[in-house]
Peer 1: 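Quick one: the structure is below, and I'll ask about it shortly.
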Amino acid sequence: MTIDLKRLLDAAAAACPGAEWAGLRRMRTSARYFLAKDGEFEDTALIDSDGALVEVLYKGRFGYAAFADFSVSEAARAGQSAFAAAKSASDRGVFTFDASVRPAAVVRYETARKLKAPRSADAVYKFLFDACGALKASDKVIQTQAIVEYEEKDIEIVSTSGANIDQKIFIVGHGLQAVARDGDVVQRRTANGPRGRTMQGGFELLDFPALLSDAKIIGEQAVELLSVEDCPSDTRTLVLAPDQMMLQIHESVGHPLEIDRILGDERNYAGSSFVKLSDIGTFKYGSDLMNISFDPTIPNELASYGADDIGNKAVKTYIVKNGTLMAGLGSLESQVRSGKPGVANQRSHSWFRPAIDRMANLNLEPGSTSFDKMISSIEKGVFMEANRSWSIDDYRNKFQFGCEYARLIENGKLTKTVRNPNYRGVSSSFWRNLCMVGDQSTFRVYGTPNCGKGEPNQDITVGHASPVCAFADVEVFGGGK
Amino acid sequence: MTSMKEFEKRFNALIDAVFTELYPEEALAVTYNAESSFFMRFNGAKVRQIGTVDQQSIGFKYCALGKTVNLGLDLSGDSFKDADAVCAAVARMRDMAALIPVDPYQAIPTASDETREEFPGKLLSEADIVDTILAPADGLDFVGLYTQGPICRGAANSAGARHWFATETFIVDYSAYLPNGKAVKSSYAGREWNGADYRAKLDASRRALEHLGKSEKVLSPGDYRVYITADALAEVMPMFSWDGLGERGIRQGESAFIALKEGRKSFSPKFSLTQDFSLGIEPRFNSDGESAPSSLNLIEKGKLVNTLVSARTANQYGVPSNAAEDHESVRSPAIAAGDFDEACALEAIGTGIYVSNFHYLNWSDTDSARITGMTRFACLWVEDGKIVSPIKDLRFDETLYAMLGDKLEAVSKQRSLIVENSTYGGRALGGSMIPGILVNGFTFTL
């Protein structure tokens, strides 16, 4: 059904003539989810969401109202509700905003796709059952799981100042898992971590023959993990695959650099940051090899877009350059509050949540070291792959992360596999120990569709691309008591 | 704002509309979620974001000819449009069912009972919220979220079950900070706003802040005596749901409690965990319209006595269902009280740490039920039974079989009702009844 958003906006604005500005954001999503376990049907789900959020500005305060009835009368009611909220805060706002933080941009964006038509459900389930078969490497595999999911998201924004934005995001993901058991030991192995393979794109991302090959390897590695030793407990050079760099960047670079966290907005829930506003432009975040970009332009990356959810056009921006912190992950609101440079990252998960500073795509730019050269230069190390555990303090400093699979590096060679590989560190020193950055040949794009933050809470899609990286002198350890 | 009565009227109308569409070979379970909420987010006792959300959604589990399809969609609130939408949803589920394989463990809903619970509240007028919440906190660096409004849950199925649960609640979920970065966390929640009770909460927070002004003590990694408060222990509760006590997860290797189930490990006899709906803060019915037992012992004096079993898992493994949700998470958990008086906590610690809150817990090794996490907020260093100073935050990495097992010294006789404050996807219902615990040799690693 076509909804005339401009007409609804006019109704909302007319209902609150005292407002200085009004905007309307509609967000529609349609998701499909297919799951098989052990070669049998497990779940099929269709999830649709559709609604809008009106914002009004009154005496420097924004108020919002979310609604899902696209009638003129309901839009008017929502406008009045948003206005009343803004008015009630007129004496007690954190900041006096003006309409400059809601740009009148005209943006069109659509995910680049080669194949636009979905596979039929029966074809999907044939693949899922075949994948379960491929994952079942031996009788020691006690559970196999294969998932295909896809989602279309349509975000439209109009405003009284002339914003006109329409963005169509298409996301396709798949997951493969094998759980193996031998006696008291249980090990899980997946395709690059839970939901790591969720990307923007079309159905060309579901290359079923290639995925069946991956499934075979995953199953074999799950069984392999049963008979290897635990990761040793000592200090050594840590080499992280891109599917763990994803998590490392996310937790110890992305979140600490969200400017709304630095401004204290998240202190009751997600926390604050060890980074101070005065660090932006001067702080040595990592070694000279560390180059981090906010990059909304990589076609397949999960959080590529043309503009954020308050209508600010998104451009690639270096956040960390040669190890020095250059900018924060702060939207227009955070930029005026802090006086610091930022990016277009005020985003919302859904029609019923206001937009806040979020990561989008945050990537470690490739360096110049080949994988072979990296490994051959390491005397005592460990190469870890695929995130399975993550915990960090509320200032984003003391962390502990775990992976599914690792191999020791001994005298320049990858040697034996070890299980339950974990490591811990402190963000502010960890990144200064970044000693090698892989070249383009190991650069991979990953992401996660469920980064959580905000009050009220919301999760969001984020993308993190990186090559393989090496960090010196990291405390590693294994499982057990 | 939409009232509980209006939401209930809409739920009943939709149920009647959708069941009319079914043929004899079809079965359907329906869930309905609705809220009409006011949110005020604040920082430094000033408004950060403020607004309202009117939100309703419906979920279906469709069963026919051995096939199962789940479908969820947002509702507009317009009765005509929504009736059309749910009837169209039936057609979409039929179409999808024709294409997918048979569900080998299909659980066709069969429960047919009815329940109705409604808990009206006395909430603030929206125009008064800003001043009522923030003015008493003047002088505090006051951060958090105020939420109020009705929350409704409905469930029904084609076998005749019909359930309704509605409540009007508020919650001020806040923390108060000192300039040195130390903070206390608290909340004030209920159904009837009482300004005096709220101000008393803030006064208690101001008193708690007095301990945090001193220089923080930096502790080395090691094993310490700790008293873990109810607020901190509440952060551990989700670990009984995530890779938790669900029967399906245990059978399929996706649980940290396989050793517990197989008798290789146990908790302390002082530790008992129950799924207890007599707390009255969330409904007993599940998405299939089944009513769970009012009380289900999960862990009794350290031993696993029941897992959580959904109808589908019951079919798969031939075990009795206890009307768990399909995700087999613990609802309404209650840890049994002990006999230790929490007023003696500092004395009982002697020298060690008073843990007010935990943060960001995760499994570090599921085979050994080992979790890692951080201390947060008002954790204190105690010497010879006296508070000395706040501590610099510490990371722990400890197995639950030690924390709630051989290292557990005492469980408090006082318990706190920790109300659920999650708002992911919508305002959650529920909470947990939790004591404090005294643990000897709790392992901190960083």
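Order of the sequence lines fixes the chain letters, A, B, ..., with proteins taken first and strands second; residue numbering starts at 1 for each chain.
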Peer 1: Less than 6.0 angstrom from the centroid, inside 45 degrees of the normal: does A:R92 satisfy that with respect to the ring of B:F42?
Peer 2: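 Ring-cation test returns no.
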Peer 1: To the nearest 0.5 Å, how far apart are CZ in A:F352 and OG in B:S57?
Peer 2: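 The CZ atom of A:F352 sits 8.0 Å away from the OG atom of B:S57.
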Peer 1: Mind checking which of residues 89-98 of chain B sit less than 4.5 Å from chain A, heavy atom to heavy atom?
Peer 2: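 Residues of residues 89-98 of chain B touching chain A at under 4.5 Å: B:R92, B:M96.
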Peer 1: Checking heavy atoms, do the side chain of A:F401, its backbone, both or neither come under 4.5 Å from chain B?
Peer 2: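 Answer is neither: A:F401 stays 4.5 Å or more from chain B.
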Peer 1: Given that the side chain runs from C-beta out, which part of A:L53 has a heavy atom under 4.5 Å from chain B: side chain, backbone, both or neither?
Peer 2: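 The answer is neither part of A:L53.
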Peer 1: Looking at B:D173, is its backbone amide N or carbonyl O close enough to the side chain of A:N268 to form a donor-acceptor pair, meaning the two atoms are under 3.5 Å apart?
Peer 2: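 Looks like yes, one N/O pair under 3.5 Å.
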Peer 1: Verify the distance criterion only: is there a donor paired with an acceptor across the side chains of A:Q177 and B:E254 at less than 3.5 Å?
Peer 2: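 Yes, a side-chain donor-acceptor pair sits under 3.5 Å.
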Peer 1: Quick check on A:N422 against chain B: is it the side chain, the backbone, both or neither that has a heavy atom closer than 4.5 Å?
Peer 2: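 Answer is side chain: those atoms of A:N422 sit under 4.5 Å from chain B.
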Peer 1: Are a donor atom and an acceptor atom from the side chains of A:S81 and B:T52 found within less than 3.5 Å of each other?
Peer 2: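 A pair is found: one side chain offers a donor N or O, the other an acceptor, under 3.5 Å apart.
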Peer 1: Below 4.0 angstrom, N of the basic side chain to O of the carboxylate: do A:D184 and B:R264 qualify?
Peer 2: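 Salt bridge: yes.
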Peer 1: Is it the case that the side chain of A:K398 and the backbone of B:D393 share a donor-acceptor pair, with hydrogens and angles ignored and the cut-off at 3.5 Å?
Peer 2: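 Between the backbone of B:D393 and the side chain of A:K398 there is a qualifying donor-acceptor contact (under 3.5 Å).
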Peer 1: Is it the case that A:E251 and B:Y360 place a side-chain donor and acceptor less than 3.5 Å from each other?
Peer 2: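 Yes, side-chain donor-acceptor contact under 3.5 Å.
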Peer 1: So does A:D69 get a backbone contact from the side chain of B:D78, meaning a donor-acceptor N/O pair under 3.5 Å?
Peer 2: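 Such a contact is absent between B:D78 side chain and A:D69 backbone.
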Peer 1: Please look at B:F377 and chain A and tell me whether the side chain, the backbone, both or neither of the residue comes under 4.5 angstrom of a heavy atom of that chain.
Peer 2: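 Contact with chain A: side chain only.
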Peer 1: Can you tell me if B:Y105 and A:E40 form a side-chain donor-acceptor pair at under 3.5 Å?
Peer 2: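 A donor-acceptor contact under 3.5 Å links the two side chains.
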Peer 1: Does the pair A:R77 and B:D54 meet the rule for a salt bridge (Lys or Arg N to Asp or Glu O under 4.0 Å), with working shown?
Peer 2: CA-CA 11 Å; A:R77 182 209 64 79; B:D54 220 70; 5.1 Å; no
Peer 1: If the threshold is 4.0 Å, N to carboxylate O, is there a salt bridge linking B:R395 and A:E475?
Peer 2: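 Salt bridge absent between B:R395 and A:E475.
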Peer 1: Report which part of A:D43 has an atom under 4.5 Å of a heavy atom belonging to chain B: side chain, backbone, both, or neither.
Peer 2: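 Contact with chain B is through the side chain of A:D43 alone.
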Peer 1: Between B:T443 and chain A, with a heavy-atom cut-off of 4.5 Å, which part of the residue counts as in contact: side chain, backbone, both or neither?
Peer 2: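 Neither part.
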Peer 1: Could you tell me the separation between the CH2 atom of A:W351 and the CD atom of B:Q55, rounded to the nearest 0.5 Å?
Peer 2: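 Rounded to the nearest 0.5 Å, the CH2-CD separation comes to 5.0 Å.
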Peer 1: Counting N and O atoms only, with roles assigned by atom type, does the side chain of A:S88 sit under 3.5 Å from a partner on the main chain of B:A127, one being a donor and the other an acceptor?
Peer 2: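 A pair under 3.5 Å: no.
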Peer 1: Return yes if some donor-acceptor pair links the side-chain N/O of B:N43 with the main-chain N/O of A:L263 below 3.5 Å, else return no.
Peer 2: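 At least one qualifying donor-acceptor pair exists.
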Peer 1: Establish, from distance only, whether the side-chain atoms of A:R424 and B:T372 form a donor-acceptor pair under 3.5 Å.
Peer 2: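 Side-chain D/A pair, A:R424 to B:T372: absent.
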Peer 1: For residues 53-66 of chain A, which residue pairs pass the salt bridge (Lys or Arg N to Asp or Glu O under 4.0 Å) check, not counting sequence neighbours?
Peer 2: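 Counting only pairs at least two positions apart or across chains, the salt bridge (Lys or Arg N to Asp or Glu O under 4.0 Å) contacts touching residues 53-66 of chain A are A:E55-A:R102.
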Peer 1: With a 3.5 Å distance limit and no angle check, can you tell me whether A:R388 reaches the backbone of B:D365 through a side-chain donor-acceptor pair?
Peer 2: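 No, A:R388 side chain to B:D365 backbone: no donor-acceptor pair under 3.5 Å.
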Peer 1: If I measure from the heavy atoms of chain B, does A:V185 come under 4.5 Å with its side chain, its backbone, both, or neither?
Peer 2: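 It is both, since atoms from each part get that close.
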Peer 1: What part of A:Y269 is in contact with chain B, defined as an atom under 4.5 angstrom from a non-hydrogen atom: side chain, backbone, both or neither?
Peer 2: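 Backbone plus side chain of A:Y269, per the 4.5 Å heavy-atom cut-off to chain B.
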